[in-house]
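Worth saying up front: this structure is predicted, and the values here are computed from it rather than measured.
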Amino acid sequence: QIEIVEYGSSSTGLSTEFSDMDILIYDEKIEDEKKFGEYLKNILKNENLYIEDHLNNVHAPPVITITYYVSEEYLTRNNFAVKYLYGIEDLNKIKIDITFTKDNKRVENTKETVRIIKETLKRYKQLKPIILFLKTYFKKHKMYSTYKGGINSLSIFCLARNIFVTYEKFGFDVNLFPKEKILFLITEKFGNYNYQYGIDKDGFDYTLKDKEIVKNEKDLRLVIKNPVDNEKNIAIGCYLAKEIINR
């Protein structure tokens with residue numbers, strides 16, 4: 001039985017103009033995920049598409065990225081040209097990330113993560129604009145791509161959510177906080193991470209269990225655990241965390 005699940009920003013309402021679409025393909029008959037990725041890459045070959053694979057990333061499931069380049073004529077006609085001046089260079093791309101797995105638990109975790117994000121956005125009205133701002137900011141400074149050491153969407157969600165939950169515990173109505181204050185609190189959190197704990201060996205541990213734990217592991221830069229599967233660090237490849245702090 002094959003199942004296709006849409007997840008990520010396009011399914012939670014947190015997408016921006018440069019966001020891609022994330023699709024998970026589940027098939028219990030997949031014997032070798034890497035070989036399946038090579039097969040998928042070959043059958044999708046098309047002169048109008050650019051296809052790249054991320055099949056050797058030990059920290060993440062195998063992914064095939066399909067990119068379709070939108071014509072300059074279309075962009076100009078739709079008044080997108082001005083936005084190039086602000087450094088959003090990927091506006092002319094439509095990208096789809098296809099992840100594939102034979103692990104049914106991964107599918108269920110993916111669905112549960114989407115559900116949690118949607119429920120959290122309903123609870124904290126200020127959260128969505130904060131996340132969208134951070135995604136745009138990191139993208140502009142080339143610190144957004146997970147494959148290039150940037151911080152991913154799910155990590156941004158967990159980081160921002162941690163601020164809301166922490167202050168709510170102290171009796172604050174965080175939905176009344178000005179957005180500027182929340183951004184300051186997030187920046188301050190990164191600052192503490194840098195100066196108090198040491199960026200090259202310690203990190204924060206953000207989970208949905210409302211705990212903040214300092215780890216002491218060799219060369220640990222950032223720990224942001226998967227909202228559903230707390231055994232997985234979704235920020236393990238974010239080695240540009242230091243650049244984020246220094247901004």
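Summarising the geometry of T16 relative to T136, their closest heavy-atom pair is CG2-OG1, 4.3 Å, with the distance given to 0.1 Å. Residues G37 and F100 approach most closely at CA-CZ, 3.2 Å, considering heavy atoms. When every heavy atom of V228 is checked against every heavy atom of E112, the shortest pair comes out as CG2-CG, 3.5 Å. Residues S15 and L132 share a closest heavy-atom pair of O-CD2, 3.8 Å.
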Decide side-chain contact (heavy atoms from CB on, under 4.5 Å) for K102 and E33; before the verdict, give the C-alpha distance in whole Å, the side-chain angles of both, and the deciding distance to 0.1 Å. CA-CA 8 Å; K102 59 181 178 180; E33 293 178 346; 4.0 Å; yes
Report the C-alpha distance between K35 and E38 in whole Å, list the side-chain angles of each, state the deciding distance to 0.1 Å, and finish with yes or no for salt bridge (Lys or Arg N to Asp or Glu O under 4.0 Å). CA-CA 5 Å; K35 286 183 180 179; E38 295 287 358; over 6 Å; no
Apply the test side-chain contact (heavy atoms from CB on, under 4.5 Å) to residues I4 and L24: give CA-CA distance (whole Å), side-chain angles for both, the deciding distance (0.1 Å), then the verdict. CA-CA 6 Å; I4 299 176; L24 177 66; over 6 Å; no
Walk me through it: do S9 and K135 pass the test side chain to side chain donor-acceptor pair (under 3.5 Å)? CA-CA 11 Å; S9 302; K135 289 176 70 171; 2.6 Å; yes
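Hydrophobic clustering (ILVMFWY, side-chain heavy atoms < 4.5 Å, transitive): Y124 and I224 are in one cluster. Cluster annotation: L176 and L183 are assigned to distinct hydrophobic clusters (Ile/Leu/Val/Met/Phe/Trp/Tyr, side-chain heavy-atom contacts under 4.5 Å, transitive). Linking ILVMFWY side-chain heavy atoms closer than 4.5 Å, directly or via other members, places L14 and I182 in a single hydrophobic cluster. By the criterion of side-chain heavy atoms lying less than 4.5 angstrom apart, applied directly or through intervening Ile, Leu, Val, Met, Phe, Trp or Tyr residues, Y68 is grouped together with I96 in one hydrophobic cluster. A continuous path of hydrophobic side-chain contacts links L134 to F177 [ILVMFWY only; heavy atoms under 4.5 Å].
Judged by distance alone, with hydrogens and angles left aside, the side-chain atoms of D22 form no donor-acceptor pair with the main-chain N or O of I98 at under 3.5 Å. Side-chain atoms of N175 come within 3.5 Å of backbone atoms of K125 as a donor-acceptor pair (strictly under, hydrogens ignored). Not a single donor-acceptor pair under 3.5 Å links the side chain of S155 to the backbone N or O of I151. Not one N or O on the side chain of N226 forms a donor-acceptor pair closer than 3.5 Å with the backbone of I234. For K128 (side chain) and G13 (main-chain N/O), a donor-acceptor pair under 3.5 Å exists by modelled atom type.
Between Y137 and F133, the angle of the ring planes stays under 30°, which puts this pair in the parallel group of the 30/60° scheme. Classified by interplanar angle (parallel below 30°, tilted 30° to 60°, perpendicular above 60°), the ring pair Y167/F172 is tilted.
Within the model, atoms CZ of F157 and CD1 of I131 stand 6.0 Å from one another, a figure rounded to the nearest 0.5 Å. Annotation: the span from T67 atom OG1 to E52 atom CD amounts to 5.5 Å, rounded to 0.5 Å. Note that CD1 of I186 is 11.0 Å distant from CD of E188, once rounded to the nearest 0.5 Å. For the atom pair CE (M21) and CD1 (I66), the distance works out to 11.5 Å, reported to the nearest 0.5 Å. Atom CG of residue D20 and atom OG1 of residue T65 lie 7.0 Å apart, to the nearest 0.5 angstrom. Separation of atoms CG (D103) and CG (N109) is listed at 8.0 Å; rounding is to 0.5 Å.
Side-chain atoms of P62 and K34, non-hydrogen and from C-beta on, never get closer than 4.5 Å to each other. When side chains are defined from C-beta on, I64 counts as touching L55, because their heavy atoms get closer than 4.5 Å. Put simply, the side chain of P227 reaches to within 4.5 Å of the side chain of C158, judged on heavy atoms.
Under a cutoff of 6.0 Å and an axis angle of 45°, K181 and F184 do not form a cation-pi pair.
K111 has a carboxylate O that lies under 4.0 Å from a charged side-chain N of E3, or vice versa, which qualifies the two as a salt bridge. Ion pairing between R123 and E168 holds under the 4.0 Å rule for side-chain N and carboxylate O.
Every residue two or more places apart in sequence or in another chain that forms a salt bridge (charged side-chain N to carboxylate O under 4.0 Å, His left out) with D53 is listed here: K41. Applying the salt bridge (charged side-chain N to carboxylate O under 4.0 Å, His left out) test to E6 and every residue at least two apart in sequence or in another chain returns nothing.
For the pairing with Y7, the side chain to side chain contact (heavy atoms under 4.5 Å, CB included) check across V107, D97, T99, L154 returns one residue only, T99.
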